Number of protein chains: 2
Amino acid sequence: MATQPSSAKNVPWLNTREMKAWRTYIIASRRMLDALDNDLAGLDLTMADYEVLAQLSDAPDRKLRMSELAEIAMISKSRLSHRMKVMEQAGWVRREECPSDRRGFFAVMTDKGFKAIQKAAPTHVDSVRNRFIDHLTAKDQEDLSKIFDRVQAQLRGQFIAEDGPAKSSNKRSTKK
Amino acid sequence: MATQPSSAKNVPWLNTREMKAWRTYIIASRRMLDALDNDLAGLDLTMADYEVLAQLSDAPDRKLRMSELAEIAMISKSRLSHRMKVMEQAGWVRREECPSDRRGFFAVMTDKGFKAIQKAAPTHVDSVRNRFIDHLTAKDQEDLSKIFDRVQAQLRGQFIAEDGPAKSSNKRSTKK
DNA sequence: ATGAAGTGTTTCAACTTTCAACTACCTAGC
DNA sequence: GCTAGGTAGTTGAAAGTTGAAACACTTCAT
């Protein structure tokens, strides 16, 4: 539906090597991500929230425009608004008016939020090491970077070529 | 909390190479998975449902015990029950009593379900190729398999060592 | 000025996910 | 045979997540 990528017919099936790579990658990744989320749960964080907070803590003055934060954290503006409300109540962030553009707001990380993320970081890094990085050689790491740089480049290419705002859109057709 | 992996204190931070590998992998993966889900949306499928159906279609007689299916599709039994209800209404699967253990049920893929997945498969494979596999050399694929085999082996190790039923458990502590 | 477009929030309805029963059955020990 | 305890799977309610659309402002170009 909608510009079927030309080559859609007679797609060559995955051969054994390809299938193995795909399945191994996809399954191990899911398990690992579950595990990481689990490791963070003890700190009342999800990976998604950690990502938002980490981005914020890296930003100059630990503040970013809402839109920009949404973009780099790869979530919709609406979703960010929702999450911010929760994190605001936890006292980790607050909103601040943008003086130069009065439509805009900054998401600002509070000291409490910064302490929270600083406390979470070692646990998370430990997770990432134990569950992933420490099992890779330096060469592996470089290979991986190259591979996923390529993957990402192509995705970006396709998205720019298209129209939509990149986000999903779940069009479960008119089937009940 | 709960057997902190001994080395939890003074965790060495990720160096540049490690950080690059981790971020590139995690971000590109997320984008790619989003894209794949998007590609499937036109066929009224999510990756999760596709996974369930694919497992079923690969099983002998295209049937599996509910528990077993839940396990290999990496979802909880409860969740599978709920999803099955939906897929049953779509006419893709049905439940069948297990004669040898009358507590049990088989999930059975119907012909209609098989046709649906057969129709979806080329699109999905095309997605997987375009967005991932075709950007890897044969060597890349082998490297990837090795890497994620290792990652998975270690995860399994840790899980076996623990008590729970492997599934998350979200213990957001007693805060509010 | 005026209208179009941008920023961010909010409401709403749909959907997903988990949790804690709950039914039904099986197995073992006595 | 009975009973205790375990397993298979379902269920309903509660909680959480999500995106679309409507909204209130503000800015910007004419």
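Please read all numbers here as calculations on a predicted model, not as lab measurements. By convention in this document, chain letters (A, B, ...) are assigned in the order of the sequence lines, proteins followed by strands, and residues within each chain are numbered from 1.
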Q) Over how many whole Å does the gap from B/Phe106 atom CZ to D/dT10 atom P extend? A) 13 Å
Q) Can you tell me if the side-chain N/O atoms of B/Arg83 get under 4.0 Å from OP1 or OP2 in C/dT16? A) yes
(Q) Whole angstroms only, please: what is the CZ-P distance between A/Arg79 and D/dA20? (A) 13 Å
Q. When the distance from NZ of A/Lys77 to C1' of D/dA21 is rounded to whole Å, what number comes out?
A. 13 Å
Q. To the nearest angstrom, how far is B/Met47 atom CE from C/dT16 atom P?
A. 16 Å
Q: Kindly confirm or rule out a cation-pi arrangement of A/Arg65 over A/Phe105, judged by NZ or CZ under 6.0 Å from the six-membered ring centre and within 45° of its axis?
A: no
Q: Would you kindly check whether a donor in the side chain of B/Ser78 faces an acceptor in the base of D/dT11, or vice versa, at under 3.5 angstrom?
A: yes
Q: Return the 5'-most residue of the pair B/Val86, A/Lys85 with respect to DNA chain C, ranking by each residue's nearest nucleotide.
A: A/Lys85
Q: Could you check A/Tyr50 against A/Ile117 for side chain to side chain contact (heavy atoms under 4.5 Å, CB included), going step by step and ending with a plain yes or no?
A: CA-CA 8 Å; A/Tyr50 184 92; A/Ile117 193 91; 3.8 Å; yes
(Q) Return whichever of B/Ser81 or A/Ser100 has its heavy-atom-nearest nucleotide of DNA chain D closer to the 5' end. (A) B/Ser81
Q: Show your working on side chain to side chain contact (heavy atoms under 4.5 Å, CB included) between A/Lys77 and A/Glu71 and close with a plain yes or no.
A: CA-CA 8 Å; A/Lys77 289 197 289 181; A/Glu71 176 140 0; over 6 Å; no
Q) Do B/Leu14 and A/Arg129 pass the side chain to side chain contact (heavy atoms under 4.5 Å, CB included) test, and can you show the C-alpha distance, the side-chain angles, and the key distance before you say yes or no? A) CA-CA 8 Å; B/Leu14 303 185; A/Arg129 280 206 173 285; 3.9 Å; yes
Q. Side chains of A/Ser145 and B/Tyr25: donor-acceptor distance under 3.5 Å anywhere?
A. no
What are the atom names and distances for every N/O pair under 3.5 Å that joins the protein to nucleotides 2-6 of chain D?
{"from": "D/dG6", "atom 1": "N2", "to": "B/Arg103", "atom 2": "NH1", "distance (Å)": "3.2"}

Q: Kindly compute the distance separating CG (B/Asp58) from CG (B/Leu53), expressed to the nearest 0.5 Å.
A: 11.0 Å
Q.
What I want to check is whether the side chains of B/Asn130 and B/Asp126 have a donor and an acceptor closer together than 3.5 Å.
A. yes
Q. Rounded to the Å, how far apart are B/Asp37 CG and D/dG19 P?
A. 11 Å
Q: State whether the distance check finds a donor on one side and an acceptor on the other, under 3.5 Å, for side chain B/His82 versus base D/dG12.
A: yes
**Q.** Atom-pair distance (CG on B/Leu69; P on D/dT10), nearest Å
**A.** 11 Å
Q.
Distance check needed: C/dC25 P versus B/Asp101 CG, whole Å only.
A. 10 Å
(Q) Using whole Å, what does the distance between atom P of nucleotide D/dT7 and atom CZ of B/Arg102 come to? (A) 20 Å
